[in-house]
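This report refers to the structure that appears directly beneath it.
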Protein chains: 2
Amino acid sequence: MKDRPAGKFDRRRDELAESALLTLGELGYARASLREIAGNSPFSHGVVHYYFSDKTELVIYSVRHYKARCVTRYDAVVSDSTTPGELVDAFAAKLAQTIRDEAPMHRLWYDLRTQSMFEESLREAITEIDGTLEAMIWRVIDRYATLCDARPSVPAPTAYAMLDGLFQGALLAYTTSGEPVLDGLAAQVRTVMPLLVSAADPTRTGGQR
Amino acid sequence: MKDRPAGKFDRRRDELAESALLTLGELGYARASLREIAGNSPFSHGVVHYYFSDKTELVIYSVRHYKARCVTRYDAVVSDSTTPGELVDAFAAKLAQTIRDEAPMHRLWYDLRTQSMFEESLREAITEIDGTLEAMIWRVIDRYATLCDARPSVPAPTAYAMLDGLFQGALLAYTTSGEPVLDGLAAQVRTVMPLLVSAADPTRTGGQR
DNA sequence: GCCTCTCCTTGACACTTGTCAAGAAAACTT
DNA sequence: AAGTTTTCTTGACAAGTGTCAAGGAGAGGC
């Protein structure tokens with residue numbers, strides 16, 4: 001057996017992953033069949049089992065493939081903002097924009113995360129990705145606190161869970177009502193962010209208010 | 001045709017709904033088949049279509065049936081607490097306890113809410129129930145603010161989304177790690193609740209800090 | 001007893017699903 | 001060009017799905 005040219009093989013896997021994401025985002029995990037997925041690709045339905053051993057493996061590979069691109073979404077926000085207000089505005093705008101641009105992917109993410117509560121096989125990958133998302137959000141909060149000359153008032157998991165709740169609520173509302181709700185999301189974020197930091201060590205600054 | 005004794009008919013529907021909840025909570029919406037549901041009931045699989053026209057109708061009826069019981073879960077907390085600290089502690093304890101007692105039901109709820117983003121037919125019922133949950137949470141927040149002699153610092157949808165995020169995160173963690181995470185939830189709630197209210201109209205009290 | 005109506009079971013239907021094996025087609029090697 | 005390996009298609013399989021129709025079982029009225 002010859003060495004597999006890992007590049008070629010992996011490129012096909014990525015190609016299939018893209019098609020899978022398209023279908024999964026549209027139909028959700030439960031209703032996305034391998035035939036439907038293959039139908040959204042240049043290949044036929046049998047090829048999936050040449051590149052993946054399982055439907056589960058395909059799904060996990062796909063969502064990893066996607067989330068890998070996404071964990072840097074707010075990095076520019078973090079690095080380019082120079083004032084708290086600027087950061088909050090940029091962050092809020094980015095949150096709303098990604099719902100506009102990638103609603104199906106976000107729906108898929110929440111779908112998979114929920115399914116992972118029922119299906120053990122998804123749990124490990126989902127847990128890991130969720131951790132990277134928490135870290136992603138925490139970088140924003142941490143930077144925001146720094147720009148405020150303050151400290152986060154809640155730990156990372158709490159901040160992530162709260163903002164995730166806002167985001168998920170907005171996604172849900174967006175699915176029902178579309179565009180108009182996104183302004184509301186931005187407003188929510190502007191309201192909430194200040195609550196997530198409190199005055200830094202008062203021996204140094206004496207507090208902000 | 002004789003008048004249907006509405007009581008009998010509805011009691012059977014409720015009975016089937018209970019069995020459906022059992023199965024749905026265990027397997028999730030996608031994997032819970034009508035045969036499996038009937039298997040958890042005293043009846044055979046065909047009877048479902050005698051009492052419900054659809055699988056969807058059964059599911060919606062079931063979740064409505066369940067949530068109707070639940071929207072009062074925190075009412076005692078609201079009415080029995082006389083200090084902010086007492087309320088927060090009771091609320092936090094109740095949140096943790098319901099995860100302990102009814103994790104499958106909560107998993108089902110999040111499953112259905114997520115599926116409603118893919119399946120139009122679920123949306124109306126889910127949206128309505130979500131509204132009642134928001135109201136349920138808001139009663140807690142409102143009471144808390146009153147006891148603090150303060151006002152909520154965020155509107156109802158925001159407060160609900162944030163606490164829902166915390167709760168969902170805890171449910172997820174509980175599914176993976178079990179009991180130990182529930183103390184964390186209580187701690188999170190104690191941290192977050194004070195952030196959701198701010199000093200009442202300063203012309204009246206002069207502020208708390 | 002018999003008839004009628006409600007309630008429930010059984011068994012079938014059309015369809016979809018993930019999986020896999022057999023072999024065609026394409027790519028690469030020599 | 002021939003042979004070999006990689007890649008992909010086709011078609012089938014068994015299992016499972018929601019749905020429904022035919023008819024049995026049981027109760028209650030006459």
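The chains referred to below are lettered A, B, ... by the order of the sequence lines, with proteins before strands, and numbering in each begins at 1.
One finds the CD atom of A:Glu128 at 10.5 Å from the CG atom of A:Leu133 (value rounded to the nearest 0.5 Å). Here the CD-OG1 distance, from A:Glu124 to A:Thr127, works out to 8.0 Å after rounding to the nearest 0.5 Å.
Under the 4.0 Å criterion applied to side-chain N and carboxylate O atoms, A:Glu57 and A:Arg13 are assigned as salt-bridge partners. Taking the charged nitrogens against the carboxylate oxygens, A:Asp101 and A:Arg73 have no contact shorter than 4.0 Å, which rules out a salt bridge.
Of the N and O atoms on the side chains of B:Gln188 and A:Thr158, at least one donor lies less than 3.5 Å from an acceptor on the other residue. Residues B:Glu15 and B:Tyr51 bring no donor and acceptor atom of their side chains to less than 3.5 Å of each other. Side-chain N/O atoms of A:Gln168 and B:Tyr110 include no donor and acceptor closer than 3.5 Å. Side chain to side chain, A:Thr175 and A:Arg107 meet the donor-acceptor criterion of an N or O pair below 3.5 Å.
To the nearest angstrom, P of D:dT6 lies 17 Å from CZ of A:Arg11. Rounded to an integer number of Å, the gap from CZ of B:Phe9 to C1' of C:dC5 is 15 Å.
Residues from residues 108-125 of chain B lying near DNA chain C, meaning a heavy-atom separation below 4.0 Å, are absent. Near-neighbour residues of DNA chain C inside residues 57-65 of chain B, defined by a heavy atom below 4.0 Å, are absent.
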request  = For each nucleotide in nucleotides 14-26 of chain D, reading 5' to 3', give B when a protein heavy atom comes within less than 4.0 Å of its base, S when such contact involves only the sugar-phosphate, and - otherwise.
outcome  = ---SBB-------
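Without hydrogens or angle criteria, B:Ser19 side chain to B:Asn40 main chain gives a donor-acceptor distance under 3.5 Å. Not one N or O on the side chain of A:Thr72 forms a donor-acceptor pair closer than 3.5 Å with the backbone of A:Asp75.
The phosphate of D:dT6 (OP1 or OP2) has no side-chain N or O of A:Arg12 nearer than 4.0 angstrom. For B:Tyr50 and C:dC7, the shortest distance from a side-chain N or O to OP1 or OP2 is below 4.0 Å.
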